[in-house]
Amino acid sequence: MKPELFKDYEPAKIEEKWFATWEQRGDFHANEQSTKPHYSIVIPPPNVTGVLHMGHALNNTLQDILCRWKRMSGYEVLWMPGTDHAGIATQNVVEKQLATEGKDRHELGREAFVERVWKWREESGGQIINQLKRLGASCDWERERFTMDEGLSEAVREVFVTLYEDGLIYRDNRLINWCPRCHTALSDLEVEHDDKQGSLWHLRYPVKDSDRYLVVATTRPETMLGDSAVAVHPEDERYSELIGKTVLLPLVNREIPIVADEYVDKEFGSGAVKITPAHDFNDFEIGKRHDLEFINILDESGFINENGGSYVGLERNAARAKIVADFTELGLLEKIDAYTNAVGECYRCKTIVEPYMSKQWYVAVKSLAAEAIKAVDTGETKIIPQQWEKTYYEWMNNIQDWCVSRQIWWGHRIPAWFCDDCGEITVSRDNVAACHKCNSSNVRQETDVLDPWFSSALWPFSTMGWPEKTQALEKFYPTSCLVTGFDILFFWVARMMMMGLKFRGEVPFKEVYIHALVRDENGHKMSKSKGNVIDPLVIVDQYGADAFRYTLCAFAAMGRDIKLSTERIGGYRNFVNKLWNASRFALMNLKDFEPAQVELTDLPLSPADQWILHRFTYAMEEVNQSLTKYKFNDAASILYSFTWHEFCDWYIELSKDNLYGDDAEARKVTQTVLYQVLEGLLRLLHPILPFVTEEIWHALPGDRGVDSIMQASYPTNAITVTDTAVVEDMERVMEVIRAIRNVRGELEVPPGKKIKVVLDCKSADVEQAMNVGKQYIHTLARVEELEVGVSVEHPAQASTQVAGDVEVLIPLADLINVAEEEARLGKEIDKVQKDVTFFTKKLSNEKFVANAPPQVLEKDRAKLGAAEEKLEILEQSLKKILTMK
RNA sequence: AGGCACGUAGCUCAGUGGGAGAGCACUUCCCUGACACGGAAGGGGUCGGCGGUUCAAUCCCGCCCGUGCCUACCA
């Protein structure tokens, strides 16, 4: 029973139905025992706390297009879905929940809290998965993974222990980025720098045993409590005699040395710098060089600790205000300048981070990075577009050791046990009950968890069952492609490369396609806090998933920014509707048609049939090529213009005479071509428009042997061979039709009015072509009387247009306005005159004639000839017209 | 500060070493039996500025102006 297509395309009616069918039937399931070549993609796992935004929509639409295309192209496709546990973000969500109950996580205790997080995840986590399904994402949903799953956690532990055993994981006490709100260390990448309007305070530090002051400039006056030196440049003669002396640190009355260090810029401020080794990355280095004291003045929440003397207990901003006030009172504040500098913020909560001394776990990444660099160098992994390789190298070459420990509760707990007796650390795959050194049972596990990116780095193989040796790994690793935005090139792509190479000995993916980011009108990322988001699900409701997908596909090529306009989405909604209605037209005319296994070559194909088949072949080749090169926008635009401007605007119109006519055989042939082209077109469009193509495909007559269009093959061969000469003649006929329409339009001949047309052909061949296409001209140009010949007699008074080798004459008797014809000709002559001038000039340039390749010359000469001829005809015509006035 | 992009029709953006493209918007005409979410015909751009390479530059190179992003230890 074939479904009928209702009159207007209404996406909501079919999208839900088809997705449910596909999923229930297991159409997306990847079979690891398949003998087909594999194509695999792992999804960039969205945060389990996340809701679908434009970035996800774009990212996953592109992946889905690739997967559906490859699936139809004969590959066994695995698109591996899942979510990321997103340590801080998830912990924050549950902490907020607790807060509404008037509790905090410390009351619950770690175990209960983690349990609570799991409960949250069961109940409301991962809603983004269902949102992805609304877009039509053809992931193998049966395989959905979560980074905290048992298997993935085992992978994390295996990797951590191996890296530790290989000496690539170590602990160290150094300055890290600390979020005083999240109470955890952050990696360098997790700190966002944002220019902030601030002040530069100039403070006077009295030099001991002198009446001199040393003026130091700082953006963070509160850190002076932890100063342990003042530094000047060794060659700064202003201060040379002070080097080695001391200053008396105001407010705390600590005597600190004046040291010389090349780091100091003589030109900046006063040329003297306060040194706070425990609270500034540069000062930390200077402190080490000069063996200074490291005085930590803050606690984990950013309050002044007991080292801050009378300022103890003050929050860092309050401490700043008080210290500035106190300096002012003492007459030690020289001045305050307005100053802009980049302040580091926590990427999760936007709190200003503190450089903070603490003991953390690090991965030594240099050797891992070297392999990852090599893999891109040798082309084992290709980054597309290639310009991103530079960025990748840049970062990889300057990579710093990766701080992987986080002081939160939600995440993979580090498998290290401290011995309270001998102080030894035991790192182990299995839980530890006794110290491996002294065998004491007095051991306790590290409380820190790992950076979620640590588990994400394993995603391409951990999701396939590693460290077990699974068939999935065997079949689908390395993955074929990774599709992602450039914003996580460092966070994720680079780290997956390192881990994949280290633990699988093979790159995790053969190609990385980096797409644009969806930004707001100011070029910033869309974010809820800015209120500039467009909700993809609202778009899907309004325009349908297919139209939305088409829009994203067409936008995919745009450099780095995508500005979504709903107008444009509306345009593609219209496109889907156009396809829908063209299909309705076809179905109306295929009611008595049963597709049989006919070879089109056996049928008497009309010129229009050959033409559309030829154009189909072209579009098909272009689309396949575009997708191979990740040129999604090209694929979208080729299919758009083929569907609308060739299939609908021309072929359907050209087919009507046969479909409505009395010639049963001609009708049958046209039906066959109409059916085959539409059916092939639906397959070509399916990766971008999965829903509507499936619906129409099922409404088509006949049985195509598979349950879904997604199991049909993607067109890679011409439907049939076409005769180039016939196609070219058809295009000539179309040009003549356009010429007649042009005159009709410009002279405002009413569309309903039938006219007489004379075609004066340059040669018998052209005449033959016109005679073959006569009927098309009659119908599409609304011509009643058509005279065709070589050197035929011209009507006494006629409007003249030139279409290639055909002079198109329309007797003015039938028309109205001589003045309008004069104007039209004038306009046309101007255009052609420009061409003539252009090519005459070009071809009279001796250097051009001497140097240009012969083909170019030949082409230009032909163009000049044609233009001159056309000009001549039009001018003669104009002369005649003028005599009539 | 360095790096990477971008600046093309009113708007959003494709594109190429050989006479400038799309969608939307705009103008004129049409509710012709798939579609007014439609049809037909039009108008509109010294391809940011200035130089250079070339027979030929919107495209390659240099400089400048403007915009954006990323990285960076100027307190």
Side-chain angles (χ1 to χ4, degrees), chain A residues 5 7-9 188 193 200 216-220 223 231 263-265 267-276 280-286 339 341-342 387-388 390-391 394-395 398 486-487 489-490 517 519 522-525 543 547 551 554-555 557-565 567-568 570-589 631 633-634 637 640-641 648-649 652-653 656 660 738 741-752 780-782 827 834-835 838-839 842 845-853 855-857 859-860 863 867:
Chain A
L5 299 192
K7 180 153 184 290
D8 284 308
Y9 177 58
D188 296 343
H193 295 274
L200 190 60
V216 296
T218 179
T219 52
R220 306 195 53 202
T223 62
Y263 157 76
V264 179
D265 178 357
E267 309 304 320
F268 190 88
S270 64
V273 192
K274 63 190 275 305
I275 303 298
T276 323
D280 182 282
F281 288 100
N282 298 311
D283 295 5
F284 180 81
E285 294 302 319
I286 294 177
Y339 194 71
N341 69 333
Q387 62 184 73
W388 289 108
K390 260 187 206 166
T391 313
E394 179 74 13
W395 191 70
N398 297 305
F486 59 85
D487 53 332
L489 185 61
F490 305 144
L517 238 49
R519 294 180 188 278
N522 303 314
H524 296 117
K525 285 189 192 181
Y543 298 96
T551 311
F555 266 116
M558 299 178 189
R560 294 186 177 194
D561 297 358
I562 287 181
K563 279 190 236 168
L564 256 211
S565 101
E567 260 183 6
R568 183 98 181 228
Y572 289 111
R573 188 261 323 269
N574 296 351
F575 173 74
V576 175
N577 190 57
K578 186 74 179 175
L579 174 69
W580 180 263
N581 278 294
S583 303
R584 287 182 62 232
F585 167 83
L587 289 170
M588 283 174 60
N589 289 287
K631 302 215 164 190
N633 62 317
D634 284 353
S637 83
Y640 186 99
S641 63
C648 294
D649 288 349
I652 285 185
E653 295 308 321
K656 282 179 179 173
Y660 295 149
R738 262 186 231 109
R741 284 171 166 180
N742 166 267
V743 173
R744 296 189 64 127
E746 297 262 322
L747 298 194
E748 292 178 336
V749 179
L780 296 202
R782 299 196 156 242
K827 213 166 77 179
K834 269 186 196 159
D835 292 351
F838 178 85
F839 285 107
K842 197 171 177 185
N845 181 343
E846 282 171 34
K847 285 183 179 169
F848 171 67
V849 178
N851 290 298
Q855 316 92 281
V856 173
L857 274 175
K859 217 172 99 190
D860 283 359
K863 281 177 179 174

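Being a predicted model, the structure only gives us computed values, none of them experimental. In what follows, chains carry the letters A, B, and so on, assigned in the order in which the sequence lines appear, proteins first and then strands, with residues in each chain numbered from 1.
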Consecutive Watson-Crick or G-U pairs in runs of at least 3, all under 3.5 Å, in which RNA chain B is involved: B:1-7 with B:65-71, B:10-13 with B:21-24, B:26-30 with B:38-42, B:48-52 with B:60-64
Touch class at under 4.0 angstrom, heavy-atom based, for Y640(A) against every strand present: sugar-phosphate
Polar side-chain contact K390(A)-C4(B) base: donor and acceptor under 3.5 Å: no
Tabulate protein N/O versus nucleotide N/O from nucleotides 8-10 of chain B, keeping only pairs under 3.5 Å, one per line.
none

Sugar-phosphate only, base, or nothing, as touched by F268(A) at under 4.0 Å among non-hydrogen atoms: base
Expected rows: protein N/O vs nucleotides 59-61 of chain B N/O, under 3.5 Å:
none

Inter-nucleotide P distance (G43(B), A22(B)), Å rounded: 12 Å
Residue met sooner reading RNA chain B from 5', once N742(A) and Y9(A) are mapped to nucleotides: Y9(A)
G39(B) and G18(B), which share atom name P, separated by this distance in whole Å: 33 Å
Touch class at under 4.0 angstrom, heavy-atom based, for N341(A) against every strand present: sugar-phosphate
Sugar-phosphate only, base, or nothing, as touched by I275(A) at under 4.0 Å among non-hydrogen atoms: nothing
P-based separation of A20(B) from U58(B) [nearest Å]: 9 Å
Sugar-phosphate, base or nothing in reach of A582(A), heavy atoms under 4.0 Å: base
Non-hydrogen side-chain atoms of F486(A) and T391(A) separated by less than 4.5 Å: no
Phosphate OP1/OP2 of G38(B) contacted by N574(A) side-chain N/O (<4.0 Å): yes
Touch class at under 4.0 angstrom, heavy-atom based, for K863(A) against every strand present: base
Sugar-phosphate only, base, or nothing, as touched by D265(A) at under 4.0 Å among non-hydrogen atoms: base
Sugar-phosphate only, base, or nothing, as touched by K656(A) at under 4.0 Å among non-hydrogen atoms: base
Sugar-phosphate, base or nothing in reach of R782(A), heavy atoms under 4.0 Å: base
Interatomic distance where CZ belongs to F838(A) and C1' belongs to U46(B) [whole Å]: 14 Å
Toward the 5' end of RNA chain B, by each residue's nearest nucleotide, A342(A) or E746(A): E746(A)
Touch class at under 4.0 angstrom, heavy-atom based, for E394(A) against every strand present: nothing
Parallel, tilted or perpendicular, as decided by the 30° and 60° cut-offs, for the rings of F268(A) and Y339(A): perpendicular
Spacing of CD belonging to E285(A) relative to CG belonging to D280(A), to within rounding of 0.5 Å: 10.5 Å
Donor-acceptor pair present, E653(A) side chain and A40(B) base, under 3.5 Å: no
base_contact_polar (C37(B) base, R573(A) side chain, donor-acceptor, <3.5 Å): yes
Protein-nucleotide distance (F575(A), atom CZ; C24(B), atom P), rounded to Å: 12 Å
Separation of G45(B) P from K834(A) NZ (nearest whole Å): 9 Å
Pairwise C1' distance for C60(B) and C73(B), with rounding to whole Å: 38 Å
Sugar-phosphate only, base, or nothing, as touched by Y543(A) at under 4.0 Å among non-hydrogen atoms: nothing
Interatomic distance at P, U16(B) relative to C37(B), whole Å: 36 Å
Distance in Å, L857(A) CG paired with F848(A) CZ, rounded so as to fall on 0.5 Å steps: 5.0 Å
Integer angstrom distance from the P of C59(B) to that of G52(B): 14 Å
